[in-house]
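Written out below as structure tokens is the structure these notes cover.
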Amino acid sequence: MGWAQALADRPRAPLMSRPSPLHPAPRLSAALGVDLWLKRDDVGSIGLAGNKARKLELTLGAALAEGADCVVTVGAAQSNHCRATAAAAAALGLEAHLLLRGDAPAGPPTGNLLLDRLFGARVHVAGVEDWAGLAAALDALAARLRDEGRRPLVLPAGGSTPLGALGFVAAYGELLDQLDAAGVEAAHLFHASTSGGTHAGLALGHALHGRGPAPVGLEVGRLYDDVPAAVARIANEAAALLGAGVRLDPAALALPDDQIGAGYGAFTGAAAEAIALAGRLEGLVFDPVYSGKALAGVVARARAGELDGPVVLWHTGGAPSIFAAGFADGALRA
Ligand SMILES: Cc1ncc(COP(=O)(O)O)c(C=O)c1O
């Protein structure tokens, strides 16, 4: 398998212990009438990095090998990706510059913003809301750093580059090994999706292995006009990095948006109910922006009788936002 060797040969900055746990959720399973397993990327990584650790191991690993001395990225004020980047940069001795959407929030920093400060990141308030404006501001910030003689790695929103997606190609193989060891033949695989790197990597991993459940990315925000096309592009460029002759067809990707509600960050009653179920039945933390909406998608499908075999829900992290001002209400009472 040439692609597997090419994947193993990529430089990687270690940011998590692997494999992340895979375990059954017996009480949730009983409540939903399905055999539910949780893949716990929310535990065991630097700075509670969640799914971001897998991307950052590769993007920062390559950047360090190429002599970068800082990392610049962009996101919402409560961005998990920015917080994870800040933690990873701290651990690797890189300076992190975070360009955060909108205006400076009032009051003391909470949730991810608090952690950004704790990890020593330089926080830049963008003063703009739209993603095109933010991308332009990111370029300007990177240019300014270069003018100052710095060598920045520039990461887009969500850190979803083809190189980062390779982290989830490897993760798909990790899951298959764990399912094999547990003797479980999973019929379904769900996760929360926005910038698409997670889905691109899992879908490519599925295609390369030629077995296992096809990932379903429950969209919780829309970053691109044509999401499947953007995600397929990331996956296909990732395949090219491995020299793999596979091409994913955008039309074959499963990116349903039935849990998105009024959009990115908008709280939904379904996610609030799912978060409460996981908390009360399993002592687990899901968040209202990502993992709670993904769990809500599983709950809805279980209740509709659509799940006909073991189900894996990839817990991609995101718990710190629960502690952000205004988020606890959304998690508990949407
Ligand atoms: C907790 C969490 N889950 C899922 C996602 C979605 O991953 P991706 O951006 O790769 O689609 C994110 C991205 O910000 C996230 O923070």
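We count ligands from 1, going down the list as the structure has it; atoms in each ligand are counted the same way.
Between Glu66 and Arg151, none of the side-chain N atoms (NZ, or NE/NH1/NH2) sits under 4.0 Å from a carboxylate O, so this pair counts as no salt bridge.
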Notebook entry, point to check: After noting the C-alpha distance and the side-chain angles of Asp41 and His191, does the key distance pass the side-chain hydrogen bond (donor to acceptor under 3.5 Å, both in side chains) rule?
Noted result: CA-CA 11 Å; Asp41 273 13; His191 66 93; over 6 Å; no
Checklist line | Tyr172/Trp314 under ring pair (Phe, Tyr, Trp, His ring centres under 6.0 Å): CA gap, chis, key distance, verdict | finding: CA-CA 11 Å; Tyr172 192 87; Trp314 208 297; 7.7 Å; no
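The aromatic rings of His209 and Trp3 sit perpendicular, their planes meeting at an angle over 60°, well past the 30° parallel limit.
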Could you go through ligand 1 and list every pair where one of its N or O atoms sits under 3.5 Å from a protein N or O, giving the atom names and the distance to one decimal?
from     : atom 1 : to     : atom 2 : distance (Å)
ligand 1 : 3 (N)  : Thr316 : OG1    : 2.6
ligand 1 : 7 (O)  : Asn51  : ND2    : 3.1
ligand 1 : 7 (O)  : Thr198 : OG1    : 3.3
ligand 1 : 9 (O)  : Thr194 : OG1    : 3.2
ligand 1 : 9 (O)  : Ser195 : N      : 3.0
ligand 1 : 9 (O)  : Ser195 : OG     : 2.5
ligand 1 : 10 (O) : Lys55  : NZ     : 2.6
ligand 1 : 10 (O) : Gly197 : N      : 3.3
ligand 1 : 10 (O) : Thr198 : N      : 2.9
ligand 1 : 10 (O) : Thr198 : OG1    : 2.7
ligand 1 : 11 (O) : Thr194 : N      : 2.8
ligand 1 : 11 (O) : Ser195 : N      : 3.1
ligand 1 : 11 (O) : Gly196 : N      : 2.8
ligand 1 : 14 (O) : Lys52  : NZ     : 2.7
ligand 1 : 14 (O) : Tyr290 : OH     : 3.1
ligand 1 : 16 (O) : Asn80  : ND2    : 2.9

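Between Leu38 and His23 there is a side-chain heavy-atom pair separated by less than 4.5 Å.
No side-chain donor-acceptor contact under 3.5 Å links Gln259 to the backbone of Ala294.
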